[in-house]
Structure formats: structure tokens, C-alpha cells
2 protein chains.
Amino acid sequence: MAKLDFSPIPDTTRRAEIVALLRRAILTGQLEPGQKLNELRISEQMRVSRAPLREAMRELVQEGILTSIPYAGTFVIDVTAKDIIDAYSLNKVLDEFAIELAWPQRDRRFFDELDRRHEAVKQATRAIDTTRQIETALQLHGLIYEWADNSVLLETWQRLTSRLQMYFALHQRARNEPVPAENVHETYVALMKGSEMRAAQRHAREHIDLDFEELLGYARGLEKRATKN
Amino acid sequence: MAKLDFSPIPDTTRRAEIVALLRRAILTGQLEPGQKLNELRISEQMRVSRAPLREAMRELVQEGILTSIPYAGTFVIDVTAKDIIDAYSLNKVLDEFAIELAWPQRDRRFFDELDRRHEAVKQATRAIDTTRQIETALQLHGLIYEWADNSVLLETWQRLTSRLQMYFALHQRARNEPVPAENVHETYVALMKGSEMRAAQRHAREHIDLDFEELLGYARGLEKRATKN
DNA sequence: GACAAGCAGATTGTCGACAATCTAACAAGA
DNA sequence: TCTTGTTAGATTGTCGACAATCTGCTTGTC
């Protein structure tokens with residue numbers, strides 16, 4: 001019997017679709033930080049009743065990208081410089097741990113997938129699709145978490161990723177510059193294929209620091225921004 | 001004008017109360033792993049309509065202690081040995097990080113709070129209130145996370161704590177033994193007051209390992225248990 | 001007896017309407 | 001003028017009913 005991997009059938013509830021739609025809108029920056037989500041308006045736009053919409057929003061609140069105040073409304077989280085610092089410093093620690101766990105698990109499929117995702121980043125970069133570039137870059141880094149074989153760690157990282165993606169998207173939107181070079185991840189990929197785990201961990205830390213500095217500059221600009229709406 | 005700290009007014013939505021009720025039922029083991037939550041039955045028991053109940057369940061799904069299958073139902077998560085191992089190994093990493101961040105932030109209030117929470121554990125132990133003992137012990141360990149001044153880290157730990165509390169409760173329920181000694185946290189507290197950060201970190205790792213071994217034994221027994229309901 | 005089709009019951013997903021609460025504008029009084 | 005009470009409008013929270021889906025049983029056919 002031929003070995004065949006079926007992809008999971010899509011969640012065919014309105015709720016799941018709404019979650020995906022809203023998450024995408026938030027993570028790409030179409031919904032701005034601090035913005036209020038009017039249930040009636042959104043439900044009418046989506047041609048959906050408020051029940052599944054509200055359930056979807058509850059999920060995103062727990063996911064950490066929305067915040068809810070009873071009888072006042074649900075808002076996109078505000079982003080402060082400290083939030084970005086906090087997320088990144090935790091990310092460093094998790095990366096180091098994930099590399100340690102994933103290291104002995106690396107196999108042929110790992111390396112293939114590493115190349116595939118790296119290629120996806122480069123392609124998005126060439127196409128100057130910044131949104132997709134951010135997505136693919138995070139997916140590239142997510143590989144070590146998938147291979148770490150620790151479900152709690154993976155979940156934790158996915159939560160963190162939501163925020164990182166949002167931060168990056170806001171950053172890109174704000175400066176509105178051409179995307180970074182195509183080969184920023186070359187060294188990372190090479191090290192993940194190599195035999196020096198410590199070197200890979202060290203690079204991960206430093207690599208993160210690089211992007212971080214840029215993001216932080218953007219974050220500082222945010223600090224004095226008052227929450228409107 | 002006298003300086004007065006008001007505690008935040010409680011969330012007076014049914015949803016919030018339901019979340020608290022359900023969470024407590026799950027974390028104390030009253031709702032068993034794998035068990036299905038019948039919406040109609042629960043909503044009738046709570047004298048509440050299904051809408052807020054469903055929203056509450058959505059929150060707990062995202063919190064990681066419930067799992068939902070569309071059109072099939074919502075279930076308490078199953079606990080496997082691997083889940084416990086994963087949670088603990090991540091906890092070790094986070095503890096080390098939290099101690100590092102919190103270390104320079106320790107002040108008078110920190111030490112006071114440390115004693116207060118330690119006392120709470122000992123009191124629960126004397127009262128042989130195992131549920132409360134687990135709660136207070138986790139709160140004691142949570143102090144370093146609160147002092148670490150990293151909101152993402154704190155959130156992450158709180159999510160993790162939900163599971164740890166559940167695992168401990170199940171463990172206690174299963175063996176049904178008198179609670180451990182009253183002074184298990186003496187060394188931890190002493191080290192957190194001391195000046196040797198490395199020693200504190202090392203102890204945290206080892207202390208965790210101690211409880212872990214016991215829990216793991218319980219977890220192994222779970223492995224062959226089929227999911228009923 | 002084995003198996004597929006179809007039906008009935010139970011359960012989850014979704015809807016539209018009503019109740020509770022908040023906000024902001026306005027009026028009244030010190 | 002400032003403060004306080006009131007009220008109207010908008011928005012969120014909750015409810016009960018209906019639609020979609022699943023599960024297990026029954027029935028009919030071979």
C-alpha cells in the first residue's frame with residue numbers, strides 16, 4: 001500500500017474562518033494596534049452573526065493579540081517598546097532550547113525542509129512581498145521548534161510568533177522601505193546543517209539581535225503615541 | 001491625600017465566572033482528562049445559556065486545557081507522560097531565565113512576599129488541603145516570574161502553570177497519599193534570599209527534578225489508559 | 001450472517017432579538 | 001464656572017430557537 005499523507009480537512013466552521021481572517025488582518029497591520037473591533041459592523045461585513053464572531057474574538061484574546069474589556073469592547077493589543085524587548089529576549093532563550101532539543105533529531109527530511117523554507121523566503125524577497133517574507137522567515141525559524149518534539153514548547157513559540165509577526169509587519173509598514181537582502185538567512189541555514197551546535201545557538205542569538213535593533217528603533221517611536229479610539 | 005491602592009473590580013460577566021468555575025473543576029481533577037463537556041447539560045446546571053458557556057470554553061481551549069473538535073465536542077485534554085516531560089523540561093528553562101531576570105529586581109517587597117507565600121504553602125500543608133497546597137506552591141514559584149518584569153514570560157508561565165497544576169492534582173488524586181513534608185521549599189526560599197544566583201538556578205533545576213520523578217511515575221501509568229467517553 | 005443505505009436522536013454551530021451596561025451630551029444647581 | 005444628576009444612543013452580554021452535523025441503530029438486500 002502506497003504511503004500517502006493526507007492533509008487535514010479544513011475546519012469548516014464559520015468561527016475558524018473568522019479567526020483566520022481576523023488574525024491575518026491583525027498580523028499584517030490592517031487592523032492597527034489599539035483599534036476597537038465593533039462586533040455589529042464586522043459581523044455585517046462578514047455576513048455572519050455575532051455569535052461565531054464573538055467566539056472567534058475570545059480565541060484571539062487568549063492568543064494574546066486582542067484584549068477585551070467587559071462592556072467596553074475588544075481591541076487590538078497596543079505595542080510598546082517593552083513588549084518587543086520582552087518578546088525578543090524570551091525568543092532568544094527559547095531558540096537556544098529548541099536548537100538543543102532539535103539538534104539530535106535532525107535528519108534528511110529536516111534538511112530538505114530547511115532548504116524548502118529557505119527558498120520560500122528568498123522567493124518572497126524577490127517578489128517584494130513583505131507580508132509573505134515575514135511569514136516565511138518565521139516559518140523557517142519555526143522548523144527547529146517543530147523538530148524539537150516538545151509540544152508545549154511548540155505551542156509557546158507559536159503564540160510568540162503571532163506577536164513577532166505583528167511587530168515586524170508594523171515595522172515594515174512604518175518605514176515603508178525596500179526589504180532586506182535576500183541572503184540574510186544563509187549563515188543560519190548553513191550552521192543548522194553543520195555539526196557545531198554551540199555555534200548555531202550563538203548565531204541564533206546574534207542573528208536575532210540584528211533584526212531586534214531595527215525593530216527597537218521603531219518601537220521607541222511608538223512609545224509616545226497615545227492610544228486613540 | 002492618602003495613598004490607596006484599589007484592587008480592580010471583578011469582571012462581572014457570566015462568561016468570566018464560568019471560565020473560573022470550569023478552570024477550577026479541570027485543574028482540581030473534578031473533570032477528568034478526556035472527558036467530554038456537554039454544553040446543554042452544563043449550561044442547565046449553571047443556569048446559564050449556551051452562549052457565554054461556549055465563549056468560556058473557547059477561552060479554555062486557547063488556554064490549552066480543553067480541546068475542541070468541530071461538531072464532535074469539547075474535551076478535557078488528555079495527559080500523557082510525554083506532555084508532563086515536555087512541560088517540565090520547558091519549565092526548567094523558563095525558571096532559569098526568570099531567576100536571572102528577577103535577581104537584580106529583588107527588593108524588600110520581594111522578600112516579604114516570598115515569606116508570605118511560603119507561609120501559605122506551609123499552612124495548606126498543615127491543613128492537609130492538597131488542592132490549596134498545589135496552588136500555593138505554584139504561586140510561590142510564580143513570584144520570580146512576577147518580578148522578572150517580562151510580560152510575555154509571565155503569560156507563558158501562567159499558561160504552563162495551568163497544566164502543571166492539573167498534572168499535580170491528578171497525581172495526588174491517583175496516589176491518594178498524605179501530602180509531602182512541610183519544609184520542602186525551605187532551601188528554595190533561602191537561596192532566593194541569598195546572593196548566589198547560580199546556586200539558586202541550580203537548585204531550581206534539581207528541586208523541580210525531584211517532584212518530576214514522582215509525577216513521571218504516575219504519568220507512565222497513564223500511558224496505556226485508553227481515552228474513554 | 002455481512003454489509004450498505006437510511007433513518008432517528010442527540011449534540012454542536014449559528015442566528016436574530018432582548019437585556020444590561022457604558023459613553024457622551026445636556027440640564028440643573030451650588 | 002464647576003460639579004452633579006439625567007437621559008438618549010450605541011455597544012456589549014445573554015437568551016431561546018433553528019439549522020447543520022454526527023452517531024448509532026434499524027432495515028433491507030445479497
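- Comparing B:A51 and B:L37, the nucleotide of DNA chain C nearest to each residue sits closer to the 5' end for B:L37.
- Between B:R15 and D:dC15 there is no side-chain polar atom (N or O) within less than 4.0 angstrom of OP1 or OP2.
- Contact check on A:R15 versus A:E59 returns a salt bridge, with a Lys/Arg side-chain nitrogen under 4.0 Å from an Asp/Glu carboxylate oxygen.
- One atom, CE of B:M46, and another, P of D:dT14, lie 13 Å apart when rounded to the nearest Å.
- Between B:S49 and the phosphate of D:dT14, there is no side-chain N or O to OP1/OP2 separation shorter than 4.0 Å.
- A salt bridge links B:R54 with A:E55; the closest basic N to acidic carboxylate O contact falls under 4.0 Å.
- Between the CG atom of B:N38 and the C1' atom of D:dC22 there is a distance of 14 Å, given to the nearest Å.
- A:L40 has its CG atom 14 Å from the C1' atom of C:dC18, to the nearest Å.
- Between the side chains of A:Q133 and A:T125, a donor-acceptor pair is found at a separation under 3.5 Å.
- Rounding to whole angstrom units, CZ of residue B:R50 and C1' of D:dA20 are separated by 12 Å.
- The residue A:I18 sits apart from the nucleic acid: no heavy atom pair falls under 4.0 Å.
- One finds a side-chain N or O of B:R14 lying less than 4.0 angstrom from the OP1 or OP2 phosphate oxygen of D:dC15.
- When rounded to the nearest whole Å, the span between OH of A:Y71 and P of D:dT12 equals 12 Å.
- Here A:R54 reaches the OP1 or OP2 of D:dG13: one of its side-chain N or O atoms lies under 4.0 Å away.
- In this structure, the CZ atom of B:R47 is 17 Å from the C1' atom of D:dG16, given to the nearest Å.
- Within 4.0 Å of A:L53, counting heavy atoms only, lies no atom of the nucleic acid at all.
- Relative ring orientation between A:Y145 and A:W157 is described as parallel, the plane-to-plane angle staying below 30° on a 0-90° scale split at 30° and 60°.
- Remark: A:R14 does not engage A:E17 in a salt bridge, criterion side-chain N to carboxylate O under 4.0 Å.
- Going from atom CD of B:E17 over to atom P of D:dG13 covers 14 Å, rounded to whole Å.
- Summarising the geometry, the separation between CD on A:E39 and C1' on C:dC15 is reported as 15 Å, rounded to the nearest angstrom.
- Side-chain proximity of A:K36 to D:dT12, C:dT14, D:dT14: nearest is D:dT12.
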